[in-house]
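Whatever order the structure lists ligands and atoms in, that order sets their numbers, starting from 1.
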Amino acid sequence: MSGGPSDRSSGRFDGRVAMVTGAGSGIGAACAARLAAEGACVGVLDLRAAGAKSTAAAIRARGGTAMALTCDVSDEKQVEEAVAALVASFRRVDVLHSNAAALDAAVYGRDRDLGSLDVGVWDRTMEVNLRGAMLMVKHTVPAMPDGGAIVLMSSVSALVGDEVHAAYGASKAALIGFTRYVATMYGSRGVRCNAVAPALVLTQAAQRALSQGQLADKAAERLLPWPCTPDDVANLVCFLASDEARCITGQTLTIDSGTLAHRPQHAVQRWRDLNDSAP
Ligand SMILES: NC(=O)c1ccc[n+]([C@@H]2O[C@H](COP(=O)([O-])OP(=O)(O)OC[C@H]3O[C@@H](n4cnc5c(N)ncnc54)[C@H](O)[C@@H]3O)[C@@H](O)[C@H]2O)c1
């Protein structure tokens with residue numbers, strides 16, 4: 001996209017106020033940029049001040065409106081203050097995309113074998129991924145007097161098991177249930193709540209973290225030849241946040257290039273290999 005206000009393609013969010021958490025990088029940054037490009041004033045919230053500032057600056061450089069907010073979503077006081085700061089500037093919130101997750105090496109990187117799992121890793125995963133989403137909803141819904149749209153970030157890790165990342169997967173599964181509760185509690189006030197569940201999204205961090213072999217494994221699991229990019233997820237998040245989705249609530253939409261839509265060929269092949277090598 002080139003710079004300037006003409007980047008605003010459809011104006012689906014003209015005059016609206018959006019809060020995006022974990023917007024300092026990756027998918028959150030792409031969602032914040034898309035919401036702003038379509039007219040929203042965006043609260044760009046992240047634990048890392050530098051990330052929040054850089055996403056907000058990039059939005060402003062394209063003619064959009066953004067406010068950088070530094071906040072740990074697991075801390076209720078910080079969440080309250082961040083929402084209050086956005087409301088003080090823009091009067092209300094129309095869209096919440098709760099996207100932040102603890103994906104650093106100290107938490108996600110140590111969420112491996114359950115038998116040796118440090119309980120602190122489990123707790124921090126739940127604190128950020130689950131309690132963080134709850135706190136954002138709790139403090140944002142009162143700022144949605146005319147209704148609003150909430151999009152929570154789950155994952156395909158909520159829908160299938162794996163040999164690692166039990167804490168992460170459980171936190172993302174809980175968010176699917178939480179989505180239905182929020183949709184039920186606030187539907188009569190015109191607040192919708194949905195979740196998105198991506199498979200591997202090729203953020204810069206994911207591309208750095210995965211080996212060629214791991215990327216090839218993921219490619220073999222997909223039906224489509226192409227992986228999801230942050231912009232693909234932003235398309236779905238913005239659709240769910242827009243009036244085009246006004247009758248959709250309580251749902252979780254998978255976005256995975258067909259990863260979960262078929263029999264798990266990769267696993268089947270592994271079983272075949274194991275059986276072939278059995279004595
Ligand atoms: N990338 C993928 O393949 C993938 C797949 C499925 C789901 N997801 C989900 O998408 C979301 C974004 O992931 P990403 O790949 O863009 O990762 P990312 O690391 O680029 O983004 C996560 C952001 O959250 C922020 N954050 C972490 N802890 C925080 C806290 N306590 N308070 C506020 N902000 C905090 C980080 O600073 C970071 O900017 C996550 O919820 C992740 O679980 C990602």
Side-chain angles (χ1 to χ4, degrees), residues 19-34 43-56 68-79 81-83 96-109 111 123-136 139 151-160 162 165 167-176 178-179 195-210 214-215 217-219 221-222 227-234 236-237 252-257 259-260:
M19 175 76 97
V20 181
T21 76
S25 61
I27 299 168
C31 291
R34 178 64 57 83
V44 177
L45 184 155
D46 205 282
L47 181 65
R48 294 177 301 109
K53 281 182 188 157
S54 125
T55 303
L69 298 159
T70 308
C71 166
D72 179 343
V73 293
S74 70
D75 182 313
E76 182 156 25
K77 190 162 176 292
Q78 290 186 36
V79 168
E81 286 170 3
V83 174
L96 166 65
H97 176 34
S98 174
N99 161 82
L103 296 171
D104 50 290
V107 182
Y108 185 77
D111 178 10
D123 289 347
R124 185 62 184 155
T125 302
M126 294 298 163
E127 272 174 23
V128 177
N129 301 9
L130 186 55
R131 188 169 82 194
M134 178 276 292
L135 290 174
M136 288 307 306
H139 290 286
V151 184
L152 304 182
M153 177 56 83
S154 183
S155 164
V156 295
S157 300
L159 305 172
V160 291
D162 206 341
H165 301 144
Y168 177 79
S171 74
K172 294 295 186 178
L175 283 169
I176 294 177
F178 184 60
T179 296
V196 295
L200 172 68
V201 180
L202 281 186
T203 59
Q204 286 176 359
Q207 290 183 75
R208 274 196 306 271
L210 294 173
Q214 287 169 316
L215 287 170
D217 279 353
K218 301 280 181 197
E221 290 169 358
R222 290 192 294 266
C228 299
T229 66
D231 282 340
D232 292 316
V233 181
L236 178 57
V237 168
T252 299
L253 272 81
T254 302
I255 171 165
D256 68 350
S257 299
T259 298
L260 298 191

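- At least one N or O atom of Ile27 sits closer than 3.5 Å to an N or O atom of ligand 1.
- Listed by atom number, the atoms of ligand 1 under 4.0 Å from Pro198 heavy atoms are 5 (C), 6 (C), 7 (C).
- Here the OG1-NZ distance, from Thr125 to Lys172, works out to 10.0 Å after rounding to the nearest 0.5 Å.
- With ligand atoms numbered from 1 in the order given, ligand 1 contributes 3 (O) to contacts under 4.0 Å with heavy atoms of Leu200.
- With contacts defined as side-chain heavy-atom distances shorter than 4.5 Å, the pair Val73/Val128 qualifies.
- If you number the atoms of ligand 1 from 1 as listed, the ones under 4.0 Å from a heavy atom of Tyr168 come out as 7 (C), 8 (N), 9 (C), 42 (C), 43 (O).
- Taken to the nearest 0.5 Å, the SG atom of Cys71 stands 11.0 Å off from the NZ atom of Lys77.
- Below 4.0 Å from some heavy atom of Gly26 lie the following atoms of ligand 1, by number and element: 16 (O), 20 (O).
- Looking only at side-chain heavy atoms (C-beta outward), Met153 and Pro198 come within less than 4.5 Å of each other.
- Put simply, the side chain of Thr21 gets close to the backbone of Asn99: a donor and an acceptor are under 3.5 Å apart.
- By the criterion of a heavy-atom distance under 4.0 Å, the side chain of Thr203, and not its backbone, is placed next to ligand 1.
- In Arg124, the part holding a heavy atom less than 4.0 Å from any atom of ligand 1 is the side chain.
- Under a 4.0 angstrom heavy-atom cut-off, Leu103 registers as being in contact with ligand 1.
- Closest to atom 5 (C) of ligand 1, if we only count protein heavy atoms, is Ala199 O, 3.2 Å.
- Protein heavy atom nearest atom 2 (C) of ligand 1, with residue, atom name and distance: Val201 N, 3.4 Å.
- With Val201 as reference, Ile27 is the one residue of Ile27, Asp231, Asp232 to meet the side-chain contact (heavy atoms from CB on, under 4.5 Å) rule.
- Counting all heavy atoms, side chain and backbone alike, Asn129 lies closest to Ala101 at OD1-CA, 3.3 Å.
- Within the structure, the closest approach of Glu127 to ligand 1 does not fall below 4.0 Å when heavy atoms are considered.
- Nearest protein neighbour of atom 12 (C) of ligand 1, counting heavy atoms only, is Asn99 OD1, 3.2 Å.
- The closest protein non-hydrogen atom to atom 36 (C) of ligand 1 is Asp46 OD1, 3.5 Å.
- Of all the atoms in ligand 1, the ones that sit under 4.0 Å from a non-hydrogen atom of Cys71 are 32 (N), 33 (C).
- Annotation for Gly26 and Pro230: closest pair O-CB, 4.2 Å, computed over non-hydrogen atoms.
- In this structure, CG on Leu200 lies 11.0 Å from OG1 on Thr229, to the nearest 0.5 angstrom.
- Listed by number with element, the atoms of ligand 1 under 4.0 Å from a non-hydrogen atom of Ser154 are 7 (C).
- Residue contacts with ligand 1, taken as heavy atom pairs separated by less than 4.0 Å, involve Ser25 via backbone and side-chain atoms alike.
- Close approach to Asp72 involves these atoms of ligand 1, each under 4.0 Å from a residue heavy atom: 30 (C), 31 (N), 32 (N).
- In terms of protein heavy-atom proximity, atom 24 (O) of ligand 1 is closest to Gly22 CA, 3.3 Å.
- Contact annotation for Val128 and ligand 1: only side-chain heavy atoms (C-beta onward) come within less than 4.0 Å of the ligand.
- Taking any N or O of Val73, backbone or side chain, at least one lies under 3.5 Å from an N or O belonging to ligand 1.
- Using a 4.0 Å cut-off between heavy atoms, Ala29 makes no contact with ligand 1 at all.
- A side-chain hydrogen bond (donor to acceptor under 3.5 Å, both in side chains) check over residues 196-206, counting only residues at least two apart or in different chains, returns nothing.
- Across all non-hydrogen atoms, the minimal contact from Ser74 to Arg131 is O-NH2, 2.9 Å.
- Nearest protein heavy-atom neighbour of atom 34 (N) of ligand 1: Leu47 N, 3.2 Å.
- Of all the heavy atoms of Ala101, the ones lying under 4.0 Å from any atom of ligand 1 are found in both the backbone and the side chain.
- Checked by atom type and distance alone, the side chain of His97 pairs as donor or acceptor with a backbone atom of Val151 at under 3.5 Å.
- Neither the backbone nor the side chain of Ser157 comes within contact range of ligand 1; no heavy atom lies under 4.0 Å.
- Nearest protein neighbour of atom 9 (C) of ligand 1, counting heavy atoms only, is Met153 CG, 3.5 Å.
- Atom CD1 of Ile255 is separated from atom OG of Ser154 by 13.0 Å, given to the nearest 0.5 angstrom.
- Taking the six-membered ring for Trp and thresholds of 30 and 60 degrees, His165 and Tyr108 have nearly parallel ring planes, at less than 30 degrees apart.
- Not a single N or O atom of Ser155, backbone or side chain, sits closer than 3.5 Å to an N or O atom of ligand 1.
- Here the CG atom belonging to Leu152 is positioned 6.0 Å from the CG atom belonging to Leu175, to the nearest 0.5 angstrom.
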